[in-house]
Amino acid sequence: MSESIRTLTLVHTNDIHSHFEEACRVTGFVKRMREKVPADSLLLLDCGDFLDRARMETEGTEGAANRALLDYMGYDAAAMGNNEGLSYTKEQLAGLFADAPCPVLCANLVDADTGAPPEWMKPYTIVDRAGIRIALLGLTAPYESFYELLGWKTADPLETARRYVPELKRQADLVVILSHLGIRQDELMATSIEGIGLILGAHTHHLLEAPLRFGETVVCAAGKFARHVGVVTIRKELRSGRLTIEGGAGPTDNCPTDPLAEQLVGEYRKRSEAAMSGTVATLREPLELSWEQESPLGTLLAATVRKATGARIGLVNSGQLLRGFPVGAVTRLDLHSACPSPINACRILLSGAHIREALEESLLPEFIGFEFHGFGFRGDRLGTLSVDGIEWTVDETKPPRERVVSAFVGGEPLADEAEYEVGTLDMFTFGIGYLSLKEGRVEKYYLPEFLRDLLVPALRDEAMLRDCRRPRRLRASVQEGSWDGATLRRND
């Protein structure tokens with residue numbers, strides 16, 4: 001190291017989402033970096049969504065597998081992502097992070113009961129490395145309605161940054177934001193708040209192979225799923241105090257995995273399998289699933305959400321489910337593999353016209369086959385709409401968006417101008433999937449239970465299991481419909 005220049009290497013990750021295989025490659029990368037860079041000149045940071053309950057290892061250990069890997073990798077600080085904050089209760093998070101060896105950072109989230117952060121969470125931390133004093137401030141996406149149900153109070157992240165940055169700038173050479181806000185918010189923060197030297201981004205899974213620069217602020221991000229890792233080099237001229245920041249993100253696919261990290265994850269995988277092997281229900285008949293058409297398991301999920309929300313209608317996408325269930329025991333592991341998404345139910349008020357529009361869309365291949373990842377969805381494709389509380393008739397000979405020839409709610413025709421209480425999924429309220437469902441007015445979100453949690457009592461309810469085989473969607477051109485080869489009468 002030059003006597004006139006101090007150099008700090010900052011390694012950053014974000015949105016790993018329990019992709020343990022790739023995380024083990026990042027671990028190998030970090031280990032090699034530690035061999036090259038002195039310990040007092042290296043900083044390892046994560047910007048949130050390190051865990052994801054869609055992975056069995058996370059679900060079966062309540063995040064302990066992720067925490068163990070976080071500890072093993074030797075992070076210096078980690079920001080709170082929405083997958084951490086919204087996947088677990090306050091009590092579960094306290095158990096997960098209470099004795100964490102590195103600070104968990106979030107400045108715009110406090111306990112609603114106390115008005116202060118819990119003991120295990122800090123708004124910021126200041127570290128000294130390579131003769132450079134770094135202030136790390138954590139910010140997370142403020143899903144106010146969701147956090148409120150879990151006992152948290154959120155604050156506007158940009159206003160929070162404006163409050164903290166001037167003081168942190170007085171205490172440190174460089175203010176670094178660990179941002180779980182998304183690229184647009186990062187750009188707005190960089191252009192509207194003075195004093196921020198570096199923003200490490202997350203949440204929208206954006207990859208910046210080369211950093212963005214907005215005046216004196218540098219913005220970096222490493223994509224998603226640990227497929228890339230970010231490296232930033234910070235240099236300080238001792239005589240002038242001037243800082244220079246260079247960096248980017250590179251792929252990890254050629255990085256050798258760390259064998260001890262793989263072994264660690266394997267041990268937690270075995271623990272998860274054992275913890276999730278218990279039977280939650282026993283089926284007398286199989287529950288078939290189709291993504292393209294009405295099927296018993298899809299209808300059961302719609303009826304489950306309708307019942308849980310107390311709504312007149314249940315609307316869910318069949319792609320929330322990845323497979324059906326055969327006759328016999330259904331374990332927690334089976335249920336998780338069939339319904340892995342961390343999705344919550346909600347109740348909305350939606351017009352009959354928008355319900356009709358969603359039904360029409362659910363007949364179109366571009367919606368049924370739509371592939372995406374995010375907003376809690378961890379399936380393969382959107383799938384058709386499964387419904388409960390509606391009986392509707394389809395004429396497949398008509399043009400697209402004109403095929404719903406009748407729809408009835410409680411024996412009465414669906415009225416376009418009327419509003420109906422609909423039990424559906426939180427992801428639709430964010431405008432993903434069936435877009436007309438976003439037009440509803442949210443009455444209530446249901447947390448902390450996920451869809452798979454709601455399904456447990458339904459799988460034990462013989463009346464619901466019988467009723468889910470009754471068709472809700474009928475074909476206008478014939479008097480009989482067909483479900484997996486089984487003929488069903490129109491008036492069943």
So for atom [atom1], which belongs to [X], do other residues, nucleotides or ligands contribute more than 12 heavy atoms lying within a distance under 6.0 Å?
X	atom1	value
K307	NZ	no
E119	CD	no
K153	NZ	no

If you measure from the Lys or Arg side-chain nitrogens to the Asp or Glu carboxylate oxygens, is any gap between [X] and [Y] under 4.0 Å?
X	Y	value
R469	E288	yes
R25	D253	no
R269	E57	yes
E360	K398	no
K270	E267	no
E285	R466	no

Give a yes or no answer on whether the side chain of [X] reaches the backbone of [Y] with a donor-acceptor pair at less than 3.5 Å.
X	Y	answer
T204	G182	no
R472	R470	yes
E84	G81	yes
S179	G201	no
H336	L333	no
R53	F450	no
D76	L44	yes
Y420	A311	no
D71	A68	no
T252	A226	yes

Item checked: Result of checking R312, R306, R347 against E421 for salt bridge (Lys or Arg N to Asp or Glu O under 4.0 Å) -> R347

Taking atom [atom1] of [X] and atom [atom2] of [Y], what is their separation to the nearest 0.5 Å?
X	Y	atom1	atom2	value
R323	S337	CZ	OG	3.5 Å
L321	L289	CG	CG	5.5 Å
N317	M427	CG	CE	4.0 Å
E59	S87	CD	OG	9.0 Å
T27	F20	OG1	CZ	10.5 Å
R473	I390	CZ	CD1	11.5 Å

Just wondering, do [Y] and [X] contact through their side chains at under 4.5 Å, heavy atoms?
X	Y	value
V219	E187	no
L300	L459	yes
M276	T331	no
L335	R332	no
L382	W291	no
F377	Q320	yes
R460	V280	yes
C346	T424	yes

If you look at every heavy atom in [X] and [Y], which pair is closest and at what distance?
X	Y	value
P413	F408	N-CD2, 3.6 Å
L51	T58	CB-CG2, 4.2 Å
T140	C106	CG2-SG, 3.5 Å
L451	C339	CB-SG, 3.9 Å
L385	L359	CD1-N, 4.3 Å
T89	P448	CG2-CG, 4.1 Å

Next item on the list: Evaluate the side chain to side chain donor-acceptor pair (under 3.5 Å) criterion for residues H373 and H17: first the C-alpha distance (whole Å), next the side-chain angles of each, then the deciding distance (0.1 Å), finally the verdict.
Entry: CA-CA 11 Å; H373 187 284; H17 283 281; over 6 Å; no

Item checked: Audit row: Y72, D258, side-chain contact (heavy atoms from CB on, under 4.5 Å) steps and yes/no -> CA-CA 11 Å; Y72 176 75; D258 180 87; 2.8 Å; yes

Checklist line | Pair L139-Q185, side-chain contact (heavy atoms from CB on, under 4.5 Å): steps then yes or no | finding: CA-CA 11 Å; L139 297 169; Q185 289 288 90; over 6 Å; no

Next item on the list: Go through the steps to decide whether Y75 and V30 satisfy the test side-chain contact (heavy atoms from CB on, under 4.5 Å), and finish with yes or no.
Entry: CA-CA 10 Å; Y75 278 89; V30 171; over 6 Å; no

Check: For D380, which residues count as a salt bridge (Lys or Arg N to Asp or Glu O under 4.0 Å) partner, sequence neighbours excluded?
Finding: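 None.
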
Item checked: Residue list, salt bridge (Lys or Arg N to Asp or Glu O under 4.0 Å) with K122, at least two apart or on another chain ->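 If we apply the salt bridge (Lys or Arg N to Asp or Glu O under 4.0 Å) test to K122, skipping adjacent residues, there are no hits.
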
Please report, to 0.1 Å, the donor-acceptor pairs under 3.5 Å made by any side chain of residues 141-152, with sequence neighbours excluded.
residue	atom	partner	partner atom	Å
Y143	OH	H203	NE2	3.1

Check: Among T429, N344, T309, which one satisfies side-chain hydrogen bond (donor to acceptor under 3.5 Å, both in side chains) with Y445?
Finding: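 Of the listed options, the one satisfying the test is T429.
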
Notebook entry, point to check: Looking at N82, N14, D46, which one forms a side-chain hydrogen bond (donor to acceptor under 3.5 Å, both in side chains) with H180?
Noted result: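 Going through N82, N14, D46 one by one, the side-chain hydrogen bond (donor to acceptor under 3.5 Å, both in side chains) with H180 is satisfied by N82 alone.
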
Check: Taking the six-membered ring of F29 as reference, does the NZ or CZ atom of R32 fall below 6.0 Å from its centre and within a 45° cone about the axis?
Finding: no

Next item on the list: May I have the step-by-step check of side-chain contact (heavy atoms from CB on, under 4.5 Å) for V387 and S362, ending in yes or no?
Entry: CA-CA 11 Å; V387 311; S362 76; over 6 Å; no

